[in-house]
Amino acid sequence: MYEKIIILDFGSQYTQLISKRIRRLGYYTEILPYNTLLKNLQSPAIKGIILSGGPESVYAKHSPQIPSKIFRLNKPVLGICYGMQLMVKLLNGKVIRSKEREFGKTNLTILKRTKLLKGLPKHFPVWMSHSDKITKLPPGFINGARTSACKYTLIADDKRRFAGVQFHPEVTHTKFGLKIIENFIKEYCDIKREWVFENFIKTTTDGIREVVGKNQVIIAVSGGVDSTVAAILMHRAIGKKLIAVIVDNGLMRKNEIAECRFNLKKKLGLNLKVIDGSSVFLKKLKGVSDPEKKRKIIGKTFIKLFEQVAEKYKDVKFLCQGTLYPDVIESVSVKGPSATIKSHHNVGGLPKRMKLKLIEPLREFFKDEVRELGKKLKIPKELLNRHPFPGPGLAIRILGPVTDERLSILREADDIYITELKSRNIYNKIWQAFCVLLPVKTVGVMGDARTYENVIAIRAVNSSDGMTANWFNFKQTDLMEISSKIINNVKGVNRVVYDISNKPPSTIEWE
Ligand code: XMP
């Protein structure tokens, strides 16, 4: 078990960022809900606790609270924003409600050097976002810094190893934020620097070998980043005892299956089985236009085919999945369950049905860490920097029924679009880009003849996690040339439109 810093989440939008910053520094962290039982915070492996920010006022009726006994666990505590105010309130200082809200970048001035301010200049910019104010410090604390509008901006009790900051050290607008977090860790928390990739690869592969023993493990791969990194990590640990299965659902992009086979089998050496299920999927999707029905059919058919393959291997006892840390936090988060907007295709129901044990080698990792890990595992860059691609594939990018003819129109258009983005060096500036085939025909003119053909919509968005997204601002010449190239080269298309909708209120995919 790694020594770790625990972050108690009070609902701040930046909580995951705190965790990422600490991990960047080489220390392991876990995010837990604010109402985690005290007995679960007592482990000697927990070397420090961070109380995150949150949207509430500490005096609001249902604001999240913690028992003051947390300060008697003899562990260092750093409170950020709401976390700091809660700390002050619980340690007998005073916080008052204020109607004015201080928001944005402002300049901090150091008043007294506490350990958290070690090595920092006297003035530097910090990012504030709060309305409540501290008016009296708890006994034992000193005031380390102020801004023009906020008297107590950084407070500390170096002896008891408690500190609080009114600003957000985890956001990049706070100039020495990372250094402040590092000071907290190095000066207050006696923790080993264990979260380094070299360690991780070795400890995880050792662990996997021990758990798996002589058995086999099966994994469904798609050519996407998460399943590829999970598979390669497993392969490092158990070699050919890992069976990687790719199900060709007939809904992949042009040459995708061939490329996956080449990359995963030839280049990376995986024991890869390609299952051709295209005719089964297309048959089941025949005449189906409803997006949710398409998703459900694809999900169910996938599970059925995958089960059939797995049954052939008698020694398979484990199913490996590329679950990431944000999915894990989501399930323990303080936030209520959010409405299902689209039923995502995943293999979540599989392990129970198949009576397999689950192995999730990436469940400690954020997406950017998975890419980093992929690099260390020598996975080619083109694979690691691929845009996300949804499980239901092109079926949810063909509005209306999915047919062979419509699939091949969309495949050609999408291939031209993506090839153009790569040759123009903009593919890596975009988070996700793809074409959508619309269920309408429009009139056009080619040569001297009238045409009545399909419309392709092109989509390109930037996002950090797919939860929100902004449409990408192309140069006009890029749009013009890409549009001409698609219309001139894809038979059956006479019009291209560009999707200028953000998420929310739209979603990234059209279905
Ligand atoms: P939406 O359309 O919900 O998409 O804004 C957000 C991100 O999720 C991807 N997506 C999926 N990924 N299975 C997946 O593995 C799915 O069923 C699925 N549906 C959407 C989408 O491509 C985008 O990156």
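We count ligands from 1, going down the list as the structure has it; atoms in each ligand are counted the same way.
The ligand atoms of ligand 1 that sit less than 4.0 angstrom from a heavy atom of Pro392 are 13 (N), 16 (C), 17 (O). Against a heavy-atom cut-off of under 4.0 Å, Thr507 is close to the following atoms of ligand 1: 1 (P), 2 (O), 5 (O). Applying the 4.0 Å criterion to heavy atoms of Gly391 picks out, from ligand 1, the atoms 13 (N), 14 (C), 15 (O), 16 (C). The contact set between ligand 1 and Arg295, taken as ligand atoms under 4.0 Å from a residue heavy atom, comprises 16 (C), 17 (O), 18 (C), 19 (N), 20 (C). Numbered from 1 in the order shown, with element, the atoms of ligand 1 that lie under 4.0 Å from a heavy atom of Trp431 read 24 (O). In the vicinity of Lys503, heavy-atom distances shorter than 4.0 Å reach the ligand 1 atoms 1 (P), 3 (O), 5 (O), 6 (C).
Of the polar atoms of Gly466, none of the N or O atoms is found under 3.5 Å from an N or O of ligand 1, judged by distance alone. Polar contact check, Gln432 against ligand 1: a nitrogen or oxygen pair lies under 3.5 Å apart.
The residues Glu256 and Arg386 are annotated as salt-bridged, a charged nitrogen and a carboxylate oxygen being separated by less than 4.0 angstrom. The pair Lys296-Glu292 meets the salt-bridge criterion, with a side-chain N (NZ, NE, NH1 or NH2) lying under 4.0 Å from an Asp/Glu carboxylate O. Arg397 and Glu511 are not joined by a salt bridge, as no carboxylate oxygen comes within less than 4.0 angstrom of a charged side-chain nitrogen. With salt bridges taken as basic N to acidic carboxylate O contacts below 4.0 Å, none links Arg495 and Glu453. In summary, Asp206 and Arg209 engage in a salt bridge, as defined by a charged side-chain N under 4.0 Å from a carboxylate O.
Between Ser52 and Ser12, the side chains place no donor N or O within less than 3.5 Å of an acceptor N or O (distance only, hydrogens not considered).
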